[in-house]
Amino acid sequence: EDLLPVKETCCANPLNHYGVSKLTQTRMAMAWSNQQRKILVVRPFTILGKNMPTYLAIGSFIEQIKKIRTKGGKGILQTGNLDVARDFLSVNDVIKIFWKLINNNKAYGRVINVCEGSSTLLSEIVEYSIKQSNCEISLESTIDRQRKNDMNNHFGDNQLLKQLIGNINFTSWQETINTMLESK
């Protein structure tokens with residue numbers, strides 16, 4: 001965490017099988033790119049949007065809140081550790097950014113962080129989501145919902161991204177959460 005914000009040049013040190021697989025994919029893609037193939041590697045940080053899978057924390061929280069709302073507006077939200085901060089992005093922003101990158105020849109042959117460049121506490125997002133739901137919800141943190149080897153804070157450096165596609169007007173996480181809460 002003392003290397004934040006994460007730069008594209010940061011020495012990768014994966015902590016789990018998922019991270020190892022992503023690092024392997026990156027190395028393979030960059031090796032192929034050196035053979036005159038048009039390849040770029042994007043590293044999107046934490047993506048938010050409608051219909052997020054419920055195996056992801058925020059997808060689970062939104063689904064639980066919606067169920068509580070339909071069952072009378074009072075209940076318990078089960079969580080893991082909420083004292084972690086991440087660099088959150090709207091899926092709609094990510095799609096626009098990807099489109100700009102694949103249409104920019106200067107992006108090819110590079111690893112590019114797709115991130116806002118700052119982090120937000122998960123507890124802040126949960127508190128906001130509960131408030132927006134107008135429900136009476138208490139929190140219950142359970143051990144089975146906590147990750148091992150979880151970083152307290154994680155956010156990226158987006159200077160290369162801005163250099164390639166210009167300034168970005170990111171959608172606020174609040175607006176994205178509102179959209180998620182309103183969806184069926």
Side-chain angles (χ1 to χ4, degrees), residues 1 3-10 12 14 18-19 21-23 25-26 29-30 33 38-66 79-80 82-133 147 150-184:
E1 290 181 26
L3 299 175
L4 294 174
V6 177
K7 296 178 181 349
E8 289 87 354
T9 57
C10 183
Y18 178 79
S21 72
K22 295 296 133 194
L23 179 57
Q25 290 173 347
T26 296
M30 296 314 293
S33 180
K38 288 180 74 171
I39 295 175
L40 64 106
V41 174
V42 291
R43 288 186 179 159
F45 282 59
T46 308
I47 302 172
L48 301 175
K50 291 192 302 188
N51 302 316
M52 272 184 81
T54 56
Y55 61 82
L56 298 173
I58 294 181
S60 171
F61 301 155
I62 296 297
E63 184 67 22
Q64 290 180 67
I65 290 169
K66 286 179 177 181
T79 72
L82 298 179
D83 294 325
V84 295
R86 297 291 181 264
D87 195 328
F88 293 101
L89 299 161
S90 164
V91 66
N92 297 326
D93 292 343
V94 172
I95 292 166
K96 291 174 191 171
I97 290 167
F98 282 9
W99 184 251
K100 288 180 180 181
L101 287 171
I102 64 174
N103 285 290
N104 182 338
N105 286 331
K106 293 179 182 177
Y108 289 101
R110 294 181 168 205
V111 175
I112 304 162
N113 286 342
V114 176
C115 59
E116 189 169 325
S118 63
S119 59
T120 303
L121 276 169
L122 195 53
S123 61
E124 189 177 343
I125 291 177
V126 169
E127 289 168 16
Y128 179 83
S129 300
I130 291 171
K131 182 179 177 186
Q132 293 303 109
S133 74
R147 288 184 181 174
D150 204 9
M151 293 178 62
N152 289 329
N153 194 10
H154 189 258
F155 63 97
D157 180 330
N158 63 10
Q159 294 306 306
L160 176 58
L161 178 66
K162 288 180 179 179
Q163 177 187 335
L164 291 167
I165 66 171
N167 284 330
I168 305 148
N169 292 320
F170 289 102
T171 305
S172 71
W173 62 261
Q174 293 94 333
E175 185 178 334
T176 304
I177 291 294
N178 290 343
T179 302
M180 294 169 70
L181 285 167
E182 292 166 6
S183 69
K184 302 272 182 207

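From a predicted model like this one, the values you see are computed outputs, not experimental measurements. Atoms considered below: every heavy atom in the structure, side chains included; atoms not considered: hydrogens, waters and symmetry mates.
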Side chain [X], main chain [Y], donor-acceptor under 3.5 Å:
{"X": "S33", "Y": "A29", "value": "no"}
{"X": "D87", "Y": "G156", "value": "yes"}
{"X": "N104", "Y": "L164", "value": "yes"}
{"X": "K66", "Y": "M180", "value": "yes"}
{"X": "N113", "Y": "N158", "value": "no"}

State which residues pass ring pair (Phe, Tyr, Trp, His ring centres under 6.0 Å) with F170; sequence neighbours excluded, sorted by chain then number.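 Not a single residue meets the ring pair (Phe, Tyr, Trp, His ring centres under 6.0 Å) criterion with F170.
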Y128: ring pair (Phe, Tyr, Trp, His ring centres under 6.0 Å) partners, not counting sequence neighbours: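 Result, ring pair (Phe, Tyr, Trp, His ring centres under 6.0 Å) vs Y128: W173.
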Of all heavy-atom pairs between [X] and [Y], which one has the smallest distance, and what is that distance?
{"X": "H154", "Y": "S119", "answer": "O-CB, 4.1 Å"}
{"X": "L160", "Y": "V111", "answer": "CD2-O, 3.5 Å"}
{"X": "L40", "Y": "A107", "answer": "CB-O, 3.5 Å"}
{"X": "L48", "Y": "M52", "answer": "CA-SD, 3.8 Å"}
{"X": "L122", "Y": "F88", "answer": "CD1-CZ, 4.1 Å"}
{"X": "C115", "Y": "F45", "answer": "CB-CD1, 3.5 Å"}

Roughly how far, to the nearest 0.5 Å, is [atom2] of [Y] from [atom1] of [X]?
{"X": "R43", "Y": "I112", "atom1": "CZ", "atom2": "CD1", "result": "10.5 Å"}
{"X": "I62", "Y": "L56", "atom1": "CD1", "atom2": "CG", "result": "12.0 Å"}
{"X": "I130", "Y": "I125", "atom1": "CD1", "atom2": "CD1", "result": "12.5 Å"}
{"X": "K96", "Y": "T171", "atom1": "NZ", "atom2": "OG1", "result": "6.0 Å"}
{"X": "I165", "Y": "N103", "atom1": "CD1", "atom2": "CG", "result": "11.0 Å"}
{"X": "D93", "Y": "S172", "atom1": "CG", "atom2": "OG", "result": "9.5 Å"}

Inter- and intrachain pairs under side chain to side chain donor-acceptor pair (under 3.5 Å), touching residues 54-65, at least two apart: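 Listed once each, the pairs are S60-Q64, S60-R145.
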Candidate pair I177 and I58, rule side-chain contact (heavy atoms from CB on, under 4.5 Å), full reasoning: CA-CA 9 Å; I177 291 294; I58 294 181; 4.0 Å; yes
Any side-chain heavy atom of L101 within less than 4.5 Å of one from V114?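 Counting from C-beta outward, L101 and V114 do come under 4.5 Å.
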Walk me through it: do V91 and T176 pass the test side-chain contact (heavy atoms from CB on, under 4.5 Å)? CA-CA 9 Å; V91 66; T176 304; over 6 Å; no
Set out, in order, the CA-CA distance, both residues' side-chain angles and the distance that settles side-chain contact (heavy atoms from CB on, under 4.5 Å) for N167 and K162, then state yes or no. CA-CA 5 Å; N167 284 330; K162 288 180 179 179; 3.9 Å; yes
Would you sort out whether K50 and T179 count as a side-chain contact (heavy atoms from CB on, under 4.5 Å), showing the intermediate values? CA-CA 7 Å; K50 291 192 302 188; T179 302; 3.6 Å; yes
